[in-house]
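Below is one structure, written out as structure tokens; the observations come after it.
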Amino acid sequence: MRTVLTIAGSDSCGGAGIQADLKTFSALGAYGMSVITAITAQNTMGVFDVRELDVDIIKKQIDYLYEDIRIDAVKVGMVSSIEIIDVIGECLKKNNAVNIVVDPVMVSKSGYHLLREEAKDELFKVLFPLAEVVTPNLFEAELITGAKIENLEQMKEAAVKIHNLGVRKVIVKGGHLTGDAVDVLYDGESFEYLTGTRIETKNTHGTGCTFSSAIAALLARGYTFQKAARLAKEYINGAIEHSLEIGHGVGPTNHFWNLFKKDGCINEPSE
Ligand SMILES: Nc1ncnc2c1ncn2[C@@H]1O[C@H](COP(=O)(O)OP(=O)(O)OP(=O)(O)O)[C@@H](O)[C@H]1O
Ligand SMILES: Cc1ncc(CO)c(N)n1
């Protein structure tokens, strides 16, 4: 079985962060492992507190996994401080990590800052060059490029600017744009639109985490990058379509929507 590692923060309500990542890996048929960088106290209403883990235990979690296990892909999510970013960068380089998907998590949907202000540039400098793909949402792409994004043309311009920072491939996500949910993929040569009709639901907690984890799981399973991105879009679309009315706020997506068909069989992701 192919293996995927998530390096991210814990979301106590299970819809985003490490919990979303592990569910996504399982739903897409990959064996999931986790390195926790921070613990958040959050529910569907918001994030209320955070504890970062010591860099020493983050380093040990990564190193002991690589010492023992072949890791086919890595997803990096919430990495809140300069020290945490640096240690993850060192460990990934030292262990020759492959298929790294970096989701530059900055602010939660509820507005809580999950990345320290002073750590932003470190994330760009240390982790972006290691990534096979970086997956900013609109707000993150604006922060990275310093330019306002209000339409598809500006998403494309942002993708080029981010690529020019030394990133191999970029997907600027359009979840926060009005109209259809179209993401812009740029690989340094050409653009591709990952299209999806907007689903009218308030339950979109963890969509970004789930999408980036799906790409990592599918890369681990050997799909080409373009194919992994398209299948991941199909998967997140289904997860939002079947999202769950859990909690009083922004509910989670349904990570297992693709598994529980009428006959109860587990299916391959559709091609
Ligand atoms: N209402 C929606 N209908 C259809 N697709 C959506 C909707 N909202 C988001 N998406 C899709 O979900 C994926 C994640 O995008 P989004 O912009 O929500 O990420 P994010 O803001 O990083 O999420 P998070 O809140 O987890 O940080 C993208 O493919 C996006 O197009
Ligand atoms: C731990 C964690 N990571 C990422 C997100 C996405 O915003 C979240 N809400 N919580």
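Just follow the structure's listing: the first ligand is 1, and inside any ligand the first atom is 1.
Looking from atom 21 (O) of ligand 1 to the surrounding protein, the closest heavy atom is His176 NE2, 2.5 Å. If you check which protein heavy atom lies closest to atom 2 (C) of ligand 2, you get Gln42 NE2, 3.8 Å. Of the protein's non-hydrogen atoms, the one nearest atom 30 (C) of ligand 1 is Asp183 OD1, 3.6 Å. Here the protein heavy atom with the shortest distance to atom 6 (C) of ligand 1 is Ile240 CD1, 3.3 Å. Closest protein heavy atom to atom 26 (O) of ligand 1: Gly208 N, 2.9 Å. Ser108 CA, 3.6 Å is the protein heavy atom nearest to atom 7 (O) of ligand 2. Of the protein's non-hydrogen atoms, Ile199 N, 2.8 Å is the one closest to atom 3 (N) of ligand 1. Given atom 15 (O) of ligand 1, the protein heavy atom at minimum distance is Lys173 CD, 3.7 Å. Among protein heavy atoms, the minimum distance from atom 20 (P) of ligand 1 is reached at Asn137 ND2, 3.6 Å. Of the protein's heavy atoms, Cys209 SG, 3.6 Å lies nearest to atom 4 (C) of ligand 2. Counting protein heavy atoms only, atom 1 (C) of ligand 2 is closest to Gly9 O, 3.4 Å. Counting protein heavy atoms only, atom 25 (O) of ligand 1 is closest to Lys109 NZ, 2.6 Å.
Counting only non-hydrogen atoms, the option in Ile236, Leu114, Thr135 that gets closest to atom 13 (C) of ligand 1 is Ile236. When the options Cys209, Ala214, Ala181, Ala141 are ranked by their closest heavy atom to atom 4 (C) of ligand 1, first place goes to Ala181.
Closest approach of Glu140 and Val105 over heavy atoms only: OE2-CA, 3.7 Å.
When only interatomic distances are considered, the shortest N/O to N/O separation between Lys233 and ligand 1 falls below 3.5 Å.
Remark: Tyr66 OH is packed, more than 12 non-hydrogen atoms of other residues, nucleotides or ligands lying under 6.0 Å away.
Within the 4.0 Å heavy-atom cutoff, Gly196 does not count among the residues contacting ligand 1. The closest approach between a heavy atom of Ser10 and any atom of ligand 2 is below 4.0 Å.
When non-hydrogen atoms are compared, ligand 1 lies under 4.0 Å from the backbone of Thr207 as well as from its side chain. No part of His205 comes within 4.0 Å of ligand 1, judged by heavy-atom distances.
Those atoms of ligand 2 with a heavy atom of Ala16 less than 4.0 angstrom away are 5 (C), 8 (C), 9 (N).
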